[in-house]
Amino acid sequence: MAGGGIPMAPGGDKAYPGNLTLYVTFTCVVAAMGGLIFGGVTAMDPFLKKFFPSVYRKQAADTSTNQYCKFDSGTLTMFTSSLYLAALLSSLVASTVTRTLGRKLSMLFGGALFCAGALINGFAQAVWMLIVGRILLGFGIGFANQSVPLYLSEMAPYKYRGSLNIGFQLSITIGILVANVLNYFFNKLDGNLGWRLSLGGAVVPALIITVGSLILPETPNSMIERGKTEKARSRLRRIRGVDDIDEEFNDLIYASEESRKIEHPWRNLLQKKYRPQLTMAILIPFFQQLTGINVIMFYAPVLFKTIGFHSDASLMSAVITGSVNVLATCVSIYGVDKWGRRFLFLEGGTQMLICQVAVAIFIGIKFGINGHADDLPKWYAIVVVLFICIYVAGFAWSWGPLGWLVPSEIFPLEIRSAAQSINVSVNMIFTFIIAQLFLTMLCHFKFGLFLFFAFWVVVMTIFVYFFLPETKNIPIEEMVIVWKKHWFWSRFMVDVDYPNGVELSKGGDIIKKV
Ligand SMILES: OC[C@H]1O[C@](O)(CO)[C@@H](O)[C@@H]1O
């Protein structure tokens, strides 16, 4: 179809024809499985006994031991958090692989490394094997986090990008839930079999993403980027389920030519006009982790044990929070394009804040400053779990999925891959730092740990209120308009700009089509 006949989307941009075909749905579902990651096993007794005997002894010792400090072990936290440091390093390498060799190959590397890590962990005989295995899992996650969201965004028809993108976070939450359910049952097995199955079981999601990456089609964008122009055209037709793909195809060619002109994507990112995007690429993943979610998700069993549940009950509680996490992520898939990102951020933030303060008060009253307490009454533990669930729900329909979605939709093409690497790296650095510090922080901050994260939730909610413009229903290539109209960010914008062939004034008005 010639340019003039293309219908316009609400923002004034072109609305490319194309459907949510079975083909694209299937490929996105398979690709989104790259989000499957694995839960923890640190609360299993035989595991602690074998690899962390001093932690085990301390934990098994008399109940008068400070409840906040039972699990404070450097090696144990190093084991847990080494994964994120490895993921951070590999996401930087992965950005080059993804760009020059394609998204498929990055996903394949991710799957293969993940497989190797799971096997080494499952057969581990010593702590060093555990750590090597975890580092390989981390490399796998780094490759997957770099390539899968990019893959999803490129495959998805424009109108369904939000929901399909959140598919990635949905599969992260499903991965955590499945791991927690299995851990619950594996924990009942005798001896070392339980934790071996638990760690080795990670090979299953690894195989899904490995086989998936072999059968999935490459994205048209990546094909064009690597010179396979004609193949890309027929692939795009197949994906969209319509013949009329010329407009989108030409824009992909144009975008790819433009981004090829950029020799230094990293340096480019430092230009004044990209200041809002750079700020978001750093602050959004930083804030996502400063909600304290991983303190709950990764250490839920440890946390529940600390507040007085027994081993079984603690894994059961993790299953409960895991289910809430999955269901609330579905709410986000449903509502993100209806209610908008800002509404979810502000509502979710308020909900998390209330729950964190409540949990701090409940735990503070019971354990006080010393961390000494008799057995918790049942109703008390139930109330704490309830607040934790409401907190997880608030996270799961706000910062969880939007932490990946919003950055992916605000970066203009010429800085997209570099900015995405920053997003992934910052996410991993802070996941690492928090995982590394959590047990020590719990030991020293005591119930104040929840107030620490509550403080950050206040900061991020105020930040969203003043600095994050609504991006709902705005086509990606026209996103520059939202910055130009923003009370604060407009000062960084250049006077005229030509996004997508449209000349824009500093105030965001369309001056003319060029
Ligand atoms: O669902 C919780 C999970 O989601 C993430 O924030 C990723 O978006 C992880 O860091 C966390 O474990």
Side-chain angles (χ1 to χ4, degrees), residues 32-40 42 80-81 83-88 91 134 137-138 140-142 144-146 148-149 152 165-181 183 202 205 281 283-303 318-333 336 341 344-345 348-349 351-352 355 388-408 420 423-438 453 456-457 460:
M33 296 210 181
L36 294 167
I37 59 170
F38 215 66
T42 49
T80 311
S81 56
L83 183 144
Y84 302 98
L85 205 56
L88 149 74
S91 78
R134 264 286 320 145
L137 289 183
I141 287 178
N145 275 28
Q146 172 69 31
V148 174
L152 292 174
N165 190 293
I166 295 183
F168 180 64
Q169 176 71 10
L170 181 67
S171 87
I172 291 180
T173 61
I174 292 173
I176 295 172
L177 173 63
V178 170
N180 287 343
V181 173
N183 283 348
L283 284 185
I284 289 182
F286 168 77
F287 284 148
Q288 192 209 47
Q289 290 306 316
L290 265 283
T291 56
I293 185 65
N294 281 322
V295 165
I296 303 293
M297 296 314 296
F298 298 161
Y299 294 98
V302 177
L303 196 66
V319 169
I320 295 166
T321 54
S323 309
V324 171
N325 199 13
V326 172
L327 293 176
T329 306
C330 296
V331 172
S332 194
I333 291 182
V336 71
R341 285 72 165 139
L344 288 172
F345 270 129
Q351 188 170 323
M352 283 191 281
C355 295
I388 285 180
C389 286
I390 304 173
Y391 160 86
V392 170
F395 173 86
W397 58 55
S398 62
W399 284 93
L402 302 183
W404 298 111
L405 172 63
V406 172
S408 87
Q420 171 68 358
N423 181 35
V424 176
S425 308
V426 174
N427 198 304
M428 293 303 147
I429 291 170
F430 286 96
T431 311
F432 170 79
I433 292 176
I434 289 173
Q436 191 65 35
L437 291 185
F438 164 65
F453 289 121
W456 283 105
V457 170
M460 66 188 79

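Quick note: numbers below take in every heavy atom, side chains included, and nothing from hydrogens, waters or symmetry partners. As the structure lists them, so they are numbered: ligands from 1, and atoms in each ligand from 1. Here, residue 1 is the first one in the sequence, and each next residue gets the next number. Remember, predicted model here, so these are calculated numbers, not experimental data.
Proximity to Trp404 (heavy-atom distance under 4.0 Å) selects the following atoms of ligand 1: 7 (C), 8 (O). Residue contact check: Asn325 has heavy atoms under 4.0 Å from atoms 1 (O), 2 (C) of ligand 1. Every atom of ligand 1 with a heavy atom of Asn294 under 4.0 Å away is listed here by number and element: 9 (C), 10 (O), 11 (C), 12 (O). In summary, the atoms of ligand 1 found under 4.0 Å from a heavy atom of Gln289, numbered by their order in the structure, are 6 (O), 10 (O). Per-residue contacts place Thr173 under 4.0 angstrom from the following atoms of ligand 1 (heavy atoms of the residue considered): 1 (O).
Closest non-hydrogen pair, Leu88 versus Met428, comes out as CB-CB, 3.6 Å. Looking at every heavy atom in both residues, Met352 comes nearest to Ser398 through CE-OG, 4.0 Å. Residue Val324 comes nearest to Cys389 through the heavy atom pair CG1-O, 3.4 Å, listed as atom of the first residue, atom of the second, then distance.
For Ile333, the side-chain contact (heavy atoms from CB on, under 4.5 Å) criterion is met by Ser163, Ile166, Leu170, not counting sequence neighbours.
Ring orientation note: the planes of Phe168 and Trp404 are nearly perpendicular, at an angle over 60° on the 30°/60° scale.
At least one N/O-N/O distance between Gln169 and ligand 1 falls below 3.5 Å.
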